[in-house]
Every structure is written in structure tokens, then in C-alpha cells.
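Keep in mind the model is a prediction, meaning the values are calculated, not measured.
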Number of protein chains: 2
Amino acid sequence: MKTTMADLAKHLGISEATVSLALNDKAGVSPRTKKKVQDAAKSLGYTPNFFARGLATQKSSTIGLIVPEVENPFYSKLTQSIEELVRASGRHLILGFSDFSLETEQEVMERFANMNVDGIMVSPVYIRDTTSAYRDAVRTSKVPIIYVGAYYYDFPSSFVMTNLMDGSFSLTEHLLSNGYRNIVFLCGQEGVVISKEREIGFRSAYAQRGLSLETARIIRCDKLRFEEAFEVTKKLLLEETKPDAIITVNDIMALGAMRAVRESGLQLPKDVAVAGYDDVIFSSIAEVPLTTVRQPVQEMAQLSVDSLLQLISEDEARSPIQLKISPQLVLRQSTLPI
Amino acid sequence: MKTTMADLAKHLGISEATVSLALNDKAGVSPRTKKKVQDAAKSLGYTPNFFARGLATQKSSTIGLIVPEVENPFYSKLTQSIEELVRASGRHLILGFSDFSLETEQEVMERFANMNVDGIMVSPVYIRDTTSAYRDAVRTSKVPIIYVGAYYYDFPSSFVMTNLMDGSFSLTEHLLSNGYRNIVFLCGQEGVVISKEREIGFRSAYAQRGLSLETARIIRCDKLRFEEAFEVTKKLLLEETKPDAIITVNDIMALGAMRAVRESGLQLPKDVAVAGYDDVIFSSIAEVPLTTVRQPVQEMAQLSVDSLLQLISEDEARSPIQLKISPQLVLRQSTLPI
DNA sequence: ATGAAAGCGCTAACAG
DNA sequence: CTGTTAGCGCTTTCAT
């Protein structure tokens, strides 16, 4: 069996309470006994029992992060950055995957809540409307929640994200000003958080130039992943009126579209341009470096962790923290002037 | 305060023990009370307290996974795959990062052990020798540990990995047979697990052809990451006897080398070829698709989870499970015949 | 400065 | 089938 505090106390002939105080470096113990206890702990290989401590203190010094998945480098970089910041704050990060399911997201949230995490960060799933069960869970949650990268429209919450509308607008405007006209926008289902704002940006860029936008030029995907973008683009390129440019909702999809362009024997960007969103590291090393909109992940991580810690330290309910930071257009070879 | 079992018991006028049995769907409760309890639980919004349960049962239905980081897509894909399998086995995955530090790896292992995880999977850090403290921790661990992707040489353990030597051998042989002679191998520090075997493969390919190998052609890197490979390659290409091919220990480094080649104004693979190891998804969409050695991550995940579950179910100590699976050479444009 | 004792929420014998 | 009781290992008043 593992060494417990009781073992230590017995071994040293002192009380368990004193051992606890000594080990946690609290006041009320003489330096001598403190040292004695700590030495004994080391030599007997004592390590605190996570459950016992959690049960007694009702807290875990842990922050929960929920992301849809971690294969998309945007999420892995976000995860990585957040982990470092959380660790630096003296807490542990515990990671959960929602797997793009709102229900799973809620399950994980509840699991985290039962672990008495200090706070929860969630990067939302690509869904249009939350369920009332979900909203109830969030509303009645005792632990602070902050959304990162996007948020849900149908209830108020704290969030940190880039201004997706702006990013999308400037990207679209960039293409239009470069002479592209027949642009296809590969986005998510209507109302999906990260799609909707970007779609507005897309539309306004057209509107501002007084150009009309064929509605068919907005194609909705379910999974916002490499494969689906690849498939959709392949089909697209077989149509009679091929697009001259393709914009996607994230870089991974852009890379998928790019692959499809190549496999269709077309030149990029001569025959068709491609642009993405996120600026994940692989975008710069793609066969044709990708024009995209940078989400400053590091900064988003920093702001969201800071905000969450703030929400945690303020005991009382307060108005939500809502931060939108400016994205940055990154021009590369995948969208040269026509 | 959150609803507890005591609340439920009081509310229903029955004992806490019965509530526990009912909620856990155990035998010894009448269907009627069981239903009653479960309904009450739902309506009062009861959720079990993770700590209390963990403390009482001494188990957590959790598996711990430790990876160095998650930005390298090899690790993120591994993490993703393992998570799905673990979830399918009815347990939770808890993830920890070693951040390439053996000490951190050990800390996380101990944290997991204190959480009474059912088992631990670890993808080792790039280090030559483990410390005796580390080995002690592993040896005395009550919870089964399995290494994934590599293992440590200096003590016996269970592991699942690809045959790195074979992979490296066939990759090198491929280059030699294509006419490349001045090959540089970017590997890790001497004795580092994932480097050593690959170095042996590299050397034997030369040996088999009776070619001698200038020792200078093996360059040791500390961080096996994009940036370092980039820097090292840049310098390399300024030397008088430029290499005609560069092999790296993983794909991320290969992509870094590739970028350096491009920025040096050289043609790839005409002036210098590049090959990697892992076959992460981005290797196929790189500016020049990368020749590499595929590690079947899915299969490794499956085998390692299966093996771990097996170690868990067998109460008694048994001889370690050690699986080496065959890697597969993937030829792409980054290493065309000279 | 130290110890005694209660309790965190749940499970697991053991009685009844 | 249900209730009683005793912990799991730690923290935390409150005495001493």
C-alpha cells in the first residue's frame, strides 16, 4: 500500500494534523518538526492522495479545457499554449474532447464540474443551436466558464476570440481587389458559430463593392475538416463554371481544397486561388504557401487564461468578459493577383 | 451546494446505502426503489462526486497518457486515436505533457498514480539515460505502464513501437540506391531512444553496400523540432561540401529542413533531397511531398491500448509486453532518383 | 506548537 | 431487499 499521512504520523510519533500542516508548509509548526516531517515524507516516498485532498478541500487546483479534437493544429497549438499558461499559474490542466458533439461537450463539462475544477475553458463545437439542457447546465454551473475561439449565440457567456467578421471581410476584399470574382466560400452549416460571422464578412465585402453574390457560391459543409473540403472541391472543379477562388473556414480545409486543385490538374493560384483561416504552421510550408488570416493563438490563450483566472478570483457573479481581438491578413502565394 | 447522496436519501426517506446501490445499478434493490431513486436523482440534478467516489473505491476508471507535446501531429494523432479507444473501453483518458523533460514526465506519472489511474501510457522523452529516481518510480509503480512509440533502454518495460531500425534502414537504402552518397542524418543526442535505433539502421545501410560513412554526416540535435532542423540545415547548406540528401528523425524536422533548402534558393530534390519519418498528414501536402516512413499510428494506438488493458486485467506481475511493428516506406517527390 | 475529533461524499461489508 | 456502520486519506476548527 502507498504511504499515507497516517503512516507518517505514526512513524514520527506525532499527530496527523501536524503532518498535514508541515507538508503544506503552513504556519503553526516549529521549523524542526516541519523539517522532520518533510524528510520522513521524502524517505518514505509519501505522495498526497489526490482524491482525499480533493474531497477534503473541495477543490482541485485544476482547470478543464475542452476542444473538439486535437488533430487540427489550431487546436493543438491552442491546447499547448493554454497548458503552459495554466501550469505557470500553479494549476493543472485537464483536457477533454468534445469530438464536435454538443452532447459530449456537455458531458465533459459535467465531469469537470464534478471534479471541482476551478474553471472551464471551451472551444465550441460547430453547431447552430445549443439545447436547453446545455444552456441549463451552463447557467447553473458553479464553476466559471469561458469560451475560446468562438461562442454560442443563443445565450450570454464570457469569451475570447478574434473578430471573425473582420478577418473574413479583409480576406474577401483582398481577393476581390485582386480581380477574383467567382469566389466560392466553403463554410459550415447555417448559424454555426465560426461560420456565421465569417459569412457576414464575406457578404459585406461583396456588398461594399456593389457586387452581387450568387447564393450558390456559399457551400455548407458538415465536418470542417480536410477530407470534406477535398471532396467538395473536387466536385466543384468538375462543374461548368469553375470558381476562380476558394475561401474556407479554416486552414485545414484550405489545404484539403488545395490538394483537390492539384489532383484536378489545375494550377494554383493561376487557375484557382485558395485562402484559409487560422494560419497554422503548416500553411506556410504547403506546396503553395497559403494566404490566410492569422489567429494569434498565443495571445488568445493568454487572454483567455487571464480572464478565466479573473472570473475565478471574483467570488460574485459579474458581467461576462467578452474580448474580440483583431485578426491579421497574411498574404502568401496561393492568392496572387490574377 | 450540490445535491449529494445524503440529500437524495433524506428526500426519499431511505438510506444512503440503498441510494448508492440504486444509482450504480447494483443488485439488491427492488426495481421500484431503484426507479424512484433514479428519478429523484435526475430531478434534483444529482451527479456523483468524483473525489468521494475515487476515495471510496480507490479507482478512477481512468487511463493516463503522457506525451511530450501535442503540436507535433504525430503526437496529436496518437493522442486522438488513443482517446477514442480509451473512451470506447468505458474509461476516461487524462492527458499530461512531459514537455520533453524526464523530470516532468515523472511528476505527471506520479500525479496520475495518485489519482489511481488504471494504467499509464507514455510516449518517451528524447533522453539518453533515465535517472535512478525515475527508474525507481517506474519499478515500484502499482499501476501498469506501457510505452508507446519508443521505450527507455536502461530498464525493462512494456512497449509498442515500430521497428525504427528497419524503417531507417530501408529509407537510407532507398536513397543510396537512387544515387545519393553525401547523406546527412539529423538525429538526436547519442543514446536517445528514437534516434539510436534509427542511427543503427542508417549505418547498416551504408555497411551493407560496403560504403564508408563519414562520421561528420551524423548531426545531433537537441530539440527534435521544426526550428532546429531549419537552423541546422541552413548552416549545412553554406558549407563547401553540401549534402545531396538530408534524413531526419521525424517529419516535422524534415519539413524544417525543406524550408531551409527552399530559402537557400536550392531546388528540391534536384539539389538536395529530404526524407523524414512518421508520415504525418502534412507531409503529403508539403511544397514537395515528402518521402518518409509511415508509423501506423492507428495500429500502434490499438495495440498499446489493448496491451495496457491486458496488463490491467492480469492482477499479477507478468513478463512485459513488447511489440515492434513493421513500418512502411512511403516514396514521394522529395527523393527522386538523381 | 501540537493533538483530538469531526467531516468531505461515497462505497462496502454486515446485519436484519 | 434495506439499513447500519465503518472507513477511504486528508484538512480544519477548536482545545490544550
Side-chain angles (χ1 to χ4, degrees), chain A residues 1-38 40-41 44-62 110-118 142-143, chain B residues 1-38 40-41 44-62 110-118 142-143:
Chain A
M1 218 34 227
K2 283 198 46 181
T3 329
T4 70
M5 279 186 39
D7 297 334
L8 285 185
K10 185 139 48 93
H11 179 76
L12 294 169
I14 61 179
S15 84
E16 223 172 308
T18 307
V19 173
S20 172
L21 292 179
L23 253 27
N24 292 309
D25 212 29
K26 294 204 174 162
V29 201
S30 75
R32 271 199 38 229
T33 27
K34 187 174 287 187
K35 172 121 183 44
K36 220 171 49 183
V37 173
Q38 282 163 354
L44 295 191
Y46 168 82
T47 52
N49 179 304
F50 178 77
F51 294 108
R53 175 178 298 200
L55 183 55
T57 59
Q58 305 285 31
K59 48 202 187 80
S60 58
S61 297
T62 291
E110 285 171 359
R111 183 155 59 87
F112 284 178
N114 293 333
M115 298 182 59
N116 293 315
V117 295
D118 298 340
K142 310 306 283 180
V143 340
Chain B
M1 216 36 227
K2 282 199 47 181
T3 329
T4 71
M5 277 185 41
D7 297 335
L8 286 185
K10 187 138 46 90
H11 180 75
L12 294 170
I14 63 179
S15 84
E16 222 174 310
T18 308
V19 174
S20 172
L21 292 179
L23 252 26
N24 292 308
D25 213 27
K26 293 204 173 161
V29 202
S30 75
R32 267 197 42 226
T33 29
K34 188 174 288 186
K35 173 118 181 49
K36 219 170 52 183
V37 173
Q38 283 164 353
L44 295 190
Y46 168 83
T47 53
N49 179 305
F50 177 77
F51 294 107
R53 174 177 298 190
L55 184 56
T57 57
Q58 306 284 32
K59 47 201 187 78
S60 59
S61 296
T62 291
E110 286 172 357
R111 182 154 60 86
F112 284 178
N114 293 332
M115 295 182 62
N116 293 314
V117 295
D118 296 341
K142 311 304 285 177
V143 341

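For the pair B:Val37 and B:Leu12, the minimum side-chain heavy-atom distance is below 4.5 Å. Contact of the A:Gln58 side chain with the B:Asn49 side chain is registered, since non-hydrogen atoms from C-beta on lie closer than 4.5 Å.
Residue B:Glu16 places its side chain closer to C:dT11 than to any other of D:dG3, C:dT11, C:dG3. Minimum atom distance to the side chain of A:Ala52 is reached by D:dG9, of the listed D:dG3, D:dG9, C:dT11. Taking every side-chain heavy atom of B:Ala17 into account, C:dA13 is the closest of D:dT11, C:dA13, C:dG9. Listed candidates were C:dT11, D:dG9, D:dG3. Nearest to the side chain of B:Ile14 is D:dG3. With D:dT11, D:dC8, D:dC10 as the candidates, the nucleotide lying closest to the side chain of A:Asn49 is D:dC10. Comparing atom distances between the B:Ser15 side chain and each of D:dT11, D:dG3, C:dT2 picks out D:dG3 as nearest. Listed candidates were D:dT12, C:dG9, C:dA12. Nearest to the side chain of B:Leu55 is C:dG9. Set against D:dT2, C:dC10, C:dA12, the side chain of B:Val29 has D:dT2 as its closest nucleotide. Of the candidate nucleotides D:dG9, C:dT2, D:dC10, D:dG9 has the atom nearest to the side chain of B:Gln58. The A:Ser20 side chain lies nearest to D:dT12 when the options are D:dG9, D:dT12, D:dT2.
Note on ring orientation: taking the six-membered ring where Trp is involved, the planes of B:Phe51 and A:Phe50 are tilted (angle from 30° to 60°).
What separates NZ of A:Lys2 from C1' of D:dC10 is a distance of 13 Å, to the nearest Å. In this structure, the CZ atom of B:Phe51 is 14 Å from the P atom of D:dC10, given to the nearest Å. Atom CG of A:Leu21 is separated from atom P of D:dT13 by 11 Å (rounded to the nearest Å). C:dT2 atom C1' lies 16 Å from atom NZ of A:Lys26, rounded to whole Å. Taking atom CZ of B:Phe50 as the reference point, atom P of C:dG9 lies 16 Å away to the nearest angstrom. Here D:dC8 presents its C1' atom at 10 Å from CG of B:Asn116, a figure rounded to the nearest Å. Rounded to whole Å, atom P of C:dG9 lies 8 Å from atom CG of B:Asp7. Protein atom NZ of A:Lys35 is 18 Å distant from nucleotide atom P of C:dA1, rounded to whole Å.
For the pair B:Ala56 and A:Leu23, both in contact range of DNA chain D, the more 5′-proximal nearest nucleotide belongs to B:Ala56. In this structure, B:Pro31 and A:Tyr46 both approach DNA chain D, and ranking their closest nucleotides by distance from the 5' end singles out B:Pro31.
Legend: residues meeting salt bridge (Lys or Arg N to Asp or Glu O under 4.0 Å) with B:Lys34, ordered by chain and number and at least two apart, are B:Asp25. Contacts of A:Lys35 classified as salt bridge (Lys or Arg N to Asp or Glu O under 4.0 Å), with partners at least two apart in sequence or in another chain: A:Asp39.
Listed pair B:Thr18 / D:dC1 fails the phosphate criterion, with no side-chain N or O lying under 4.0 Å from OP1 or OP2. In this structure, A:Thr33 reaches the C:dT2 phosphate: one of its side-chain N or O atoms is under 4.0 Å from OP1 or OP2. Dashed line: the shortest gap from a side-chain N or O of B:Arg53 to OP1 or OP2 of C:dT11 is under 4.0 Å.
Residue A:Ser30 is in sugar-phosphate contact alone, with no base atom involved, counting any heavy-atom pair closer than 4.0 Å across all strands shown.
For the side chain to side chain contact (heavy atoms under 4.5 Å, CB included) test with A:Met5, the passing option among A:Ser20, A:Pro48, A:Ser15 is A:Ser20; the others fail.
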